[in-house]
Amino acid sequence: MTQRAQGFWQWGSLCRIGLYVAALLCGVALWGIPALALPQGDAITDPRTLLRRALPIQETKLLEIDEAISKIDTDLKYNRWSAVRGDVRQVERLLDRHGDSLLASLPPDRVTPASEQMAALREQLRVIGQASERKSKGKEEARAAYDRLVDELGSLENNWVGAFPYTVPAEYADKPQLLGRAEVELNTTAGRMVITLDGYSAPITAGNFADLVQRGFYDGLTFDRVETFFLAQAGDPPGPADGYVDPATGKVRTIPMEIRAKGEVMPRYGQTFDQMGLWDVEPALPFSAEGTVAMARYPDDPNSASSQFFIFMAEPDLTPAGLNLMDGRYAVFGYVTEGTEVLRHIKVGDRILSARLISGQDNLKPGA
């Protein structure tokens, strides 16, 4: 076990022994964090919603529609059928109110696809509304329609994404960068997963991972650390090095800590949120969804991540209602968006058969 992996593993194990819950119940500080200053509220657990909310979109009317659609998910989950029908009517009203002005704000070449996607939203809303009339008997149909609804919503919102909204700091220009989104297909001996990489929130971290995928670095590597209901970790190559050795320098390539705060345009670099004193700041990509993907690092050096990554399996003790000890301490760069169930089957020794970019190749900028 490498030093980087061992340090992370020891810290992760501490997270699971009940100190977190005890600190919250007692109202005391944990690792220097005032318990009452942690972010409050219901955590968003759907990776698709988290990725939509992280898009660089300032169109408030679109965000209002997104928020209204997300309420359907909550009410479906708790079988609140009259509330579901009310949610559907509210989204339909918002589409009536804002649809024309939203389309008018788009470039001409995006109006037709956006209009078609809005029509698809209305169709799925109709199906959800009708299925909710049958209550529990219609829940499966309503859930399937909701899944199609959010897929269409993601496609619709992409029409308002413009050019990459900021420049990565010059001192990191030698690192690969992902200037947008990409998808990685991860074929393992336990099954297939697709990871959506978010370069808007973590261009260097996502770019480093995408670059290693393109190089075939992960092919054949094992999951050498798996803890049930917590995480699965891979990316440690054979031999003495505990990361990717850049052939140009003969040294392990490391990347800086990179976390974007919710509501901010670009990430913060070099320190954890704790080290910056950002006790009550939420990251744009939180550890609230099963299948959160982040980089492992040395516990005492936030800028030591290289190739080892872990996939987080959301657990109530670690992600209760928006309170999360992982947030702001590790760089999240994407989520598993297909095949999340595979995480429950991964065991130590399972291998990554292949990792490849299946979309977003044009967004990957090689290092200098």
Side-chain angles (χ1 to χ4, degrees), residues 44 46-73 91-92 94-95 97-125 145-166 168 177-185 194-203 205-207 209-210 260 262-267 283-286 289 291-293 332-338 357-365:
I44 297 173
D46 178 17
R48 297 168 300 177
T49 300
L50 291 167
L51 287 165
R52 289 199 316 273
R53 301 287 174 86
L55 286 170
I57 297 174
Q58 303 301 317
E59 178 51 73
T60 57
K61 296 172 184 176
L62 193 62
L63 299 177
E64 187 179 0
I65 293 170
D66 189 306
E67 186 74 30
I69 287 176
S70 296
K71 288 186 63 180
I72 298 175
D73 183 35
V91 177
E92 289 172 336
L94 290 173
L95 288 171
R97 185 185 310 160
H98 300 317
D100 289 344
S101 60
L102 282 170
L103 292 174
S105 69
L106 287 173
D109 62 323
R110 296 189 184 185
V111 172
T112 297
S115 179
E116 292 172 349
Q117 288 150 1
M118 284 187 182
L121 289 184
R122 290 181 182 276
E123 173 59 19
Q124 299 311 320
L125 289 168
Y146 180 80
D147 288 341
R148 294 192 295 270
L149 179 72
V150 295
D151 286 342
E152 289 291 348
L153 180 61
S155 298
L156 176 67
E157 292 189 358
N158 281 329
N159 289 294
W160 278 267
V161 177
F164 196 79
Y166 58 89
V168 172
Q177 300 170 24
L178 184 66
L179 304 181
R181 294 268 169 90
E183 291 179 302
V184 171
E185 181 184 64
V194 173
I195 300 170
T196 298
L197 309 181
D198 183 19
Y200 294 116
S201 298
T205 313
F209 186 80
R260 180 163 73 95
K262 184 177 180 180
E264 295 186 351
V265 174
M266 66 180 295
L285 301 180
T292 304
V293 187
V332 174
F333 59 95
Y335 295 97
V336 175
T337 48
E338 291 182 39
L357 281 178
I358 57 175
S359 72
Q361 292 91 340
D362 292 344
N363 293 329
L364 179 59
K365 176 184 175 183

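Note that the numbering runs from 1 along the sequence shown for the chain. If you're wondering where the values come from, they're calculated on a predicted model, not measured in any experiment.
L149 is listed as a side-chain neighbour of I72, based on a closest heavy-atom distance under 4.5 Å. L102 has its side chain within reach of W160: a pair of non-hydrogen atoms, C-beta onward, lies under 4.5 Å apart. Within the 4.5 Å cutoff, side-chain heavy atoms of L125 are placed close to those of L95. Inter-residue side-chain proximity for R48 and T196 is flagged as unmet; no heavy-atom pair is nearer than 4.5 Å. Looking at heavy atoms from C-beta onward, E64 lies out of side-chain contact with T60 at the 4.5 angstrom threshold. Side-chain atoms of Y335 and D198, non-hydrogen and from C-beta on, never get closer than 4.5 Å to each other. For the pair L51/T337, a side-chain contact is recorded, criterion being any heavy-atom separation below 4.5 Å from C-beta on. At least one side-chain heavy atom of S70 sits under 4.5 Å from a side-chain heavy atom of R53.
A salt bridge between R122 and E152 is absent, with no side-chain N of the basic residue lying under 4.0 Å from a carboxylate O of the acidic one.
For the atom pair CD (E59) and OG (S105), the distance works out to 5.0 Å, reported to the nearest 0.5 Å. The CG atom of L156 lies 11.5 Å from the CD atom of E116; values are rounded to the nearest 0.5 Å. Atom CZ of F209 and atom CG of L364 lie 12.0 Å apart (nearest 0.5 Å). Here CZ of R52 is found 5.5 Å from CD of E157. Values are rounded to the nearest 0.5 Å.
Shown are E183, E185, R181; of these, the side-chain hydrogen bond (donor to acceptor under 3.5 Å, both in side chains) with S359 is made only by E183. The one candidate from N158, N159, D151 that meets the side-chain hydrogen bond (donor to acceptor under 3.5 Å, both in side chains) condition with Q117 is N159.
Minimum interatomic distance between G334 and L285 (heavy atoms only, all atoms of both residues): N-CD1, 4.3 Å. Considering all non-hydrogen atoms of both residues, L50 and A289 come closest at CD1-CB, 3.7 Å. Smallest separation of non-hydrogen atoms from L178 and G360: CD1-O, 4.1 Å. For the pair P47 and V336, the tightest heavy-atom approach, listed with the atom from each and the gap, is CG-O, 3.8 Å. What you find for A114 and L106 is that their closest heavy atoms are CB-CD1, 3.5 Å. For the residue pair L197 and A210, the shortest heavy atom distance occurs at CD1-CB, 3.9 Å.
The ring-ring contact (aromatic ring centres under 6.0 Å, His included) search around F164 returns Y166, Y200, not counting sequence neighbours. Residues satisfying the side-chain contact (heavy atoms from CB on, under 4.5 Å) criterion with A284, sequence neighbours excluded, are S201, R260.
With a 6.0 Å radius and a threshold of 12 heavy atoms from other residues, nucleotides or ligands, D362 has its CG atom at or below the threshold. Within a 6.0 Å sphere centred on CD of E123, other residues, nucleotides and ligands contribute more than 12 heavy atoms.
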